[in-house]
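All residue numbers refer to positions in the sequence shown, counting from 1.
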Amino acid sequence: MSAIYKFPETTAPPTKQLFSRRGFLPCGQNNLWYIQSGVVRTMTYLEDGTAVTLGIWSDGDIVGDALSTIEPYIVECLTSVEVTQFKLRENHQLMKTLTSHIEQTEELMVIRSQKTIDSMLIKLLAWLAKKFGKAVDNGQLIDLRITNQDIADMLGPTRVTISRALSQFEEQGVIKRLPLHRIVLCEEQLFGYAS
């Protein structure tokens, strides 16, 4: 169940705006939209044009590109929608925390939506390297003890499938596995593999 947002009493009530079914809420202005009524979906597109739904939202929910780092970030109206626009307050710690959680969830959703196991796994390793990586010779050490089963649980395939893909990446020089389930993502070979 959605929590109902209440606008501060010290400000003038924002103006309601109406959007028709299959219309799009404007993004790119660091805005938030409070949904008064109706249903929207947030979505993005992969490089190959595949649409990925990030969420379905309705009365009382808040959506907007200010809550996301996904590009492109699209808010499509699945019904007629009545919304109120407002700006994100930069210094609000709760909003920063919520934004961080939403961004992480969206990034993992996009990773899991890749068409092949290899693509999913490479994008997950790159994401883990960005989040937990430490620069080392020839790449980024993913300084996190993560088992093949942990990776399988994140992505969906079996542990055996992940083990096979990691072994193939190691043979190709894309990764180097270290003791304690740690991985070095080899940057030069990664760029060669990606291209």
| message | What verdict does the side chain to side chain contact (heavy atoms under 4.5 Å, CB included) test give for Arg22 and Leu78, after you've listed the backbone C-alpha separation in whole Å, the side-chain angles of each residue and the deciding distance to 0.1 Å? | response | CA-CA 6 Å; Arg22 297 297 176 201; Leu78 297 181; 3.3 Å; yes
The ring pair (Phe, Tyr, Trp, His ring centres under 6.0 Å) partners of Phe19 (sequence neighbours excluded) come to Trp33
Side chain of Asp150, backbone of Thr147: donor and acceptor closer than 3.5 Å? yes
When you measure from the side chain of Ser20 to the backbone N and O of Ser80, does any donor-acceptor pair fall under 3.5 Å?
no
Give me the atom names and distance for the closest heavy-atom approach of [X] to [Y].
X: Met120; Y: Pro157; value: CE-CG, 4.5 Å
X: Cys77; Y: Val40; value: CA-CG1, 4.1 Å
X: Val110; Y: Leu46; value: CG1-CD2, 3.5 Å

Other residues, nucleotides and ligands only: do more than 12 of their heavy atoms fall within 6.0 Å of CZ on Arg177? yes
Closer than 4.0 angstrom, basic N to acidic O: yes or no for Lys176 and Glu170?
no
TODO: Taking only Lys NZ, Arg NE, NH1 and NH2, and the carboxylate oxygens of Asp or Glu, determine whether Asp48 and Lys115 approach each other closer than 4.0 Å.
DONE: no
Please assess Lys130 against Glu107 for the test side chain to side chain contact (heavy atoms under 4.5 Å, CB included), listing each intermediate value before the final yes or no.
CA-CA 12 Å; Lys130 184 173 111 180; Glu107 288 170 358; 4.3 Å; yes
(request) Using the side chain to side chain contact (heavy atoms under 4.5 Å, CB included) rule, take Val75 and Cys27 through it: C-alpha gap first, then chi angles, then the decisive distance, then the call. (result) CA-CA 8 Å; Val75 183; Cys27 290; 3.9 Å; yes
- Dump the intermediate steps for side chain to side chain donor-acceptor pair (under 3.5 Å) on Glu71 and Thr44, then the final yes or no. CA-CA 7 Å; Glu71 287 290 332; Thr44 191; over 6 Å; no
Sorted by chain and number, sequence neighbours left out, salt bridge (Lys or Arg N to Asp or Glu O under 4.0 Å) with Arg21 holds for none
Grouping ILVMFWY residues whenever side-chain heavy atoms fall under 4.5 Å, the cluster of Leu141 otherwise contains Val136, Leu178, Val184
Check your understanding: Any side-chain heavy atom of Val83 sitting closer than 4.5 Å to one from Tyr34?
Key -> no
Requested in this report: Start with the C-alpha gap between Tyr45 and Val52, add the side-chain angles, then the distance that decides, and say whether side chain to side chain contact (heavy atoms under 4.5 Å, CB included) holds.
Outcome: CA-CA 6 Å; Tyr45 288 100; Val52 178; over 6 Å; no
